[in-house]
Amino acid sequence: MSKVFKWLLIGFLVLALVFAGVFLLSPSARKSAQIKALDKIGDVAIKRMASDPSAEGSVAADFINIPIEARELSEGIFQATGVANAHLITTSEGNVLFDTGLSTQVPKQMKALKPHLGGENLSHIILSHSHADHMGGTKFWQETDTEIVTHQEYEEEQRYLTELQPYFWGRNRTLFPFMPETPPKLGLIAYGGVEPTITVRNGEPYKFAQGGVDFEIYALPGAEGADNIVLWLPQKKILFSGDFFGPLFPQFPNVFTMRGEKIRKPVEYANSLDVIIGLDPDMIVPSHKSPITDKSVIQSGLVKMRDATRYVHDAVIAGMNGGKSMEQLMVDITLPPELALPQEHGRVSWAVKSIWEYYATWFHFDKTTELYPVSQDTVHADLVALAGEDKMVIQARDYMDDGTPLKALHILDILGGDGGTEALILREAALEELLVKAKATHNNSYEIYWLNYKIRDVQAKLSAQTSENAE
Ligand SMILES: [Zn+2]
């Protein structure tokens, strides 16, 4: 049994025992017992990640290594740092939270924020959206009279994310192999189950004043899902943006997610950016990483993100109307120099594909077979028999030599995942070449996660073949 697994097992045993015992306790004692158990689980998860070589150097590992502590962003406004930040806005008539972090980090974030609560009750929890890293602490923080404020679409997003949890978990674990094998299912830690008491609709901001502080909540669809809201404090001109901008600012938006969530809407996103430009924030506080306080960076970044999104969108529309193929548009559409933005999270060519499929869905009006459930894979073995595996490997190598690793991969895909040693070595070389190119161009973290996953897979097959040959 590996060390990591042992920690994990001990963590879950402790949790199971605590959960078995807590049913005899009062609700508040039960909650604090669960928080204690959760803290242990969180420590186990961090140790697991820190010791897994596949996490090394990845963006995800950077996030998990962010120390959890409270910092004061402005008078009476505190941020608990972590994988995702939780924010506390204090007032003399009750406190407000914006986002509640990842469940495994809740105990430490609560501990960091508690000294600043000032004995006030928690009047509102505002959730930027339904992703697990933004609502994990909600059930732990929630008091009897706490209002839970979300977008009107929150419950629908939470529903599909809950119902498809095994599918998402499997995909996430493929990209982030250091994650636990199964999602946490026990008690308050389990994903979902948040019941909003106040919902915000698109175009109808929800406003309230409390202890002299004005709160304005705007529904801004089109970003990470359909249920994004942001919190605006007009007196201080601070915008709490959740994941509206993603983990970087500015950047080309992620209107596509490799995890396989629902389509994101580019026109709505650009319109939502217009709303923020109108607010003219002095400080943007995203729920990942640090606040942005440079006014000129904020102003130029907002305009560039809006214009770049519209530029790509309009170029896809023009291309569709002009009869160009989706693949051609993925090559043709690039950002002009004045709109150049980092593509470490969102990528222009993937946005092109997303926008195309957002409008046209999956039928590309091309191959008849697209309409039926018999895929091209079903005749690959025939093609291999006709061409001969040796010739196909030679062809793949020629493509590699020509600097076209993607064509090499197409040939190798027809050959099938398991091919001979030579095919596997070529496949690894093609993937490595793509990885080098990915790092040298946009350094897109999802592209890198995916290529690393495929490289690990080939390497495992290669070493299985080597040990078979040795026997
Ligand atoms: Zn997030």
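Please read all numbers here as calculations on a predicted model, not as lab measurements. Heavy-atom basis, side chains included; hydrogens, waters and symmetry copies ignored. Note that ligands are numbered from 1 as they come in the structure, with each ligand's atoms numbered from 1 the same way.
- The shortest side-chain heavy-atom distance between Leu102 and Val106 does not fall under the 4.5 Å cut-off.
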Contacts table for residues 212-234: side-chain donor-acceptor under 3.5 angstrom, sequence neighbours left out:
residue, atom, partner, partner atom, Å
Glu216, OE1, Tyr218, OH, 2.8
Glu224, OE1, His131, ND1, 3.3
Asp227, OD2, Ser130, N, 3.0
Asp227, OD2, Ser130, OG, 2.8
Asn228, ND2, Glu224, O, 2.9
Asn228, ND2, Gly225, O, 3.4

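- Aromatic ring centres of Phe252 and His442 lie farther apart than the 6.0 Å criterion allows.
- Salt-bridge annotation for Asp282 and Lys295: present, with a side-chain N of the basic residue lying under 4.0 Å from a carboxylate O of the acidic one.
- Only protein N, O or S atoms were considered, and those under 2.8 Å from the Zn ion (ligand 1) are Asp133 OD2, His134 NE2, Asp243 OD2, His288 NE2.
- If you look at Phe63 and His288, their ring centroids are closer than 6.0 Å.
- Around atom CZ of Arg201, no more than 12 heavy atoms belonging to other residues, nucleotides or ligands sit under 6.0 Å away.
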